[in-house]
Amino acid sequence: MSDFIREIVAADIAAGRMVRPVTRFPPEPNGYLHIGHAKSICLNFGVAAEFGGHCNLRFDDTNPAKEEQEYIDAIQADVRWLGFDWGDNLFFASDYFEQLYGWAVHLVRGGQAYVDDQSAEQIRETRGTLTAPGTNSPWRDRPVDESLDLLERMRAGEFPNGARVLRAKIDMASPNINLRDPVLYRIVHASHPRTGDAWCIYPTYDFAHGQSDAIEGVTHSLCTLEFEIHRPLYDWLIDNLPVPSRPRQIEFARLNLTYTVLSKRFLLSLVSEGHVRGWDDPRMPTISGLRRRGFPAEAIREFATMVGVAKADSTHEIGLLEYAVRDVLNRTAARRFGVLEPLRVVITNYPDGQVEDLEVGNNPEDPAAGTRKVPFGRELWIERDDFMEEPAPKFFRLAPGREVRLRSAYFITCDEVVTDSAGRAVELRCSYDPQTRGGDAPDGRRPKATLHWVAAGHAVPAEIRLYDHLFTRPDPGADGDLLADLNPASETIVREAMLEPSLAETAVGETVQFERLGYFTPDPDSRAGALVFNRTLTLKDTWAKVQARS
Ligand code: ATP
Ligand code: MG
């Protein structure tokens, strides 16, 4: 599938401007990657692969105050899990600090940068507005040698944070505020995850980014629309520095999703304030959260293809992502039996102590998935809401006197309901028809309902975490308060689910379908004897229906 970026790359190759494109994915290691980053990753790695080039993974690690090794590690794991390989092309902007500093000196020598002694606040106040020009700093025309000396002493650690900055000398009256003598270096006395205490001045994003692209021979520097206004500065720096190549910045629209917030800063606050279980909480839109939730990497890539790449901002329905997930899982997920709210069934005419292993298909969509043995016995668990003592109209499942099919097992008829003192059913006494083994009757009769079940004697208990959208509204924060829109029912815990024995062997990272209920995956919290499963998604979008009703 093509888009305006792929068209530009194809045209550049056709015109002989390059043979192979080089792209990069440039995360700042100040948080975990989210589904928006996944779009950028799929685009950058995808374009490079399609045109025979390569994509660098480059950490934009220029702000040690907010960056951590934990994030560097998590980002690499997430990109790899998504299915992309940067080969030897792992880079860090911090590897270029010496070169970048050299280029800063180059600008000062050429009269194109100066050390400004104004405070951050003074700089902000004199920057002007969209309609009014800024005013020159009193230090703007200080002698080159004085700026050189101060820059060296900034680097040597002689001044506290914020005492001085290095600014490019461009045009304080430019209609583009980014060209009004932008800051290139600031003093930050902080240990860097990679360079330690070697530096106490750090380049700004604007100074580091384009030059890092040029050092790496990046041909197409793809970024989101908020950088469009930075492009003249990107080009000014490339034009005025002796960089080894000339990258081109192209902007595309960032991904926005309903019911979702994609701001690292806000996601960090959810984690640090304990609103979620961590960056990888299954409700988080982070790649690690989606993974823990059971979303396959393939579905995320498919989703990125479906949303495409455009130049105008838009918001996609979260339902589209869920559609992609169901689409992949319907094809690939093994079918299993799990009962979330168990109700006991005793088959009174089934021999006491007898157990049969019944052959059950693993995936009707994929005959190659084969079958498995599921134990069946006299006592079973079925889903509580598959039974109604006084069935409502259109309720075709189990009720007194009614026959239903147990999937791949037998037909059973409910003969008697045992209730507790509150009148609630606690056990159904049923009889089975031995002639219906496997789920078909010789006389061709067909019950209206087929239920899933688990043999009580062999069931493994599990905790199941049911997830719903993290926010109650499609446009969280529209009223100004994101936290107020958090969905209090985004996680519901079912403590006594009963699962077929094979589910005890399901590995973390594998998502299965509990028949009739949805897709589920073991949580990393799961232990032998204390299983925990996350619900990835229901089979159908019940949420939309609930919303429509209320
Ligand atoms: P920050 O505010 O910390 O800069 P960020 O989300 O921009 O947050 P980066 O680590 O700078 O995080 O992003 C890395 C790359 O991912 C950038 O090229 C950025 O444009 C891209 N990106 C970030 N968010 C989205 C999004 N929602 N959709 C598409 N691309 C995105
Ligand atoms: Mg950014």
Side-chain angles (χ1 to χ4, degrees), residues 3-5 22-48 55-68 70-76 78-79 82 84 86 91-94 193 202-206 208-210 212-213 216 218 220-231 234 247-271 279 284-290 300-301 303-316 318 320-321 476-477:
D3 51 60
F4 80 97
I5 289 181
V22 179
T23 57
R24 87 284 171 266
F25 173 65
E28 182 180 356
N30 61 353
Y32 279 57
L33 298 180
H34 55 57
I35 181 81
H37 296 117
K39 170 179 174 173
S40 175
I41 293 167
C42 291
L43 173 65
N44 279 292
F45 281 91
V47 164
C55 178
N56 299 343
L57 175 61
R58 182 203 319 140
F59 286 93
D60 179 23
D61 55 346
T62 53
N63 183 5
K66 294 191 172 162
E67 297 163 6
E68 289 174 27
E70 175 194 346
Y71 299 139
I72 296 177
D73 297 338
I75 288 168
Q76 294 189 46
D78 288 347
V79 175
L82 267 181
F84 298 103
W86 54 87
F91 301 109
F92 293 83
S94 56
Y202 291 92
T204 54
Y205 170 88
D206 285 318
H209 204 85
S212 301
D213 286 342
E216 292 172 14
V218 166
H220 299 84
S221 182
L222 313 178
C223 61
T224 35
L225 283 177
E226 68 269 24
F227 294 104
E228 190 166 18
I229 188 109
H230 294 245
R231 179 155 29 96
Y234 183 103
R248 168 174 181 192
Q249 175 180 303
I250 305 169
E251 309 85 17
F252 63 94
R254 64 195 296 119
L255 175 74
N256 299 300
L257 267 186
T258 56
Y259 296 98
T260 308
V261 174
L262 297 179
S263 144
K264 275 197 274 188
R265 187 199 303 211
F266 178 71
L267 296 178
L268 172 62
S269 74
L270 287 181
V271 174
W279 280 102
M284 291 280 271
T286 51
I287 295 177
S288 53
L290 300 175
I300 296 173
R301 295 194 303 266
F303 171 70
T305 304
M306 290 193 293
V307 301
V309 180
K311 194 83 196 174
D313 269 319
S314 65
T315 298
H316 289 277
I318 184 116
L320 190 63
L321 174 60

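Heavy-atom basis, side chains included; hydrogens, waters and symmetry copies ignored. Remember, it's a predicted structure, so these values are computed and weren't measured experimentally. All ligand and atom numbering here is 1-based and tracks the order in the structure.
Contacts between S263 and ligand 1 below 4.0 angstrom, taking non-hydrogen atoms only, are absent altogether.
A distance of 4.5 Å separates CD in E226 from CZ in R254, rounded to the nearest 0.5 Å.
Residue G36 places at least one N or O, backbone or side chain, under 3.5 Å from an N or O of ligand 1. No N or O atom of K39 sits closer than 3.5 Å to an N or O atom of ligand 1. The N/O atoms of H37, backbone and side chain alike, include one that comes under 3.5 Å of an N/O atom in ligand 1. Checked against a 3.5 angstrom limit, the closest N/O atoms of F227 and ligand 1 fall outside it.
Looking at residues two or more places apart in sequence or on another chain, you find a salt bridge (Lys or Arg N to Asp or Glu O under 4.0 Å) between R58 and D213, E216.
Remark: side-chain polar atoms of S40 are not paired, donor with acceptor, to backbone N or O of G36 under 3.5 angstrom. Distance alone, capped at 3.5 Å, is enough to place a donor-acceptor pair between the K311 side chain and the E251 backbone.
Under a 4.0 Å criterion applied to the non-hydrogen atoms of N30, ligand 1 contributes the atoms 3 (O). The T224 neighbourhood of ligand 1 comprises atoms 19 (C), 20 (O), 29 (C), 30 (N), 31 (C), with distances under 4.0 Å to a heavy atom of that residue.
For the ligand labelled ligand 1, residue F25 lies inside the 4.0 Å heavy-atom shell.
Within the set R265, E28, K264, the minimum heavy-atom distance to atom 12 (O) of ligand 1 is found for K264.
Side-chain rings of Y205 and H209 approach one another, their centers coming within less than 6.0 Å.
Of the options T62, D60, D61, a side chain to side chain contact (heavy atoms under 4.5 Å, CB included) to F92 is made by D61 and by none of the others.
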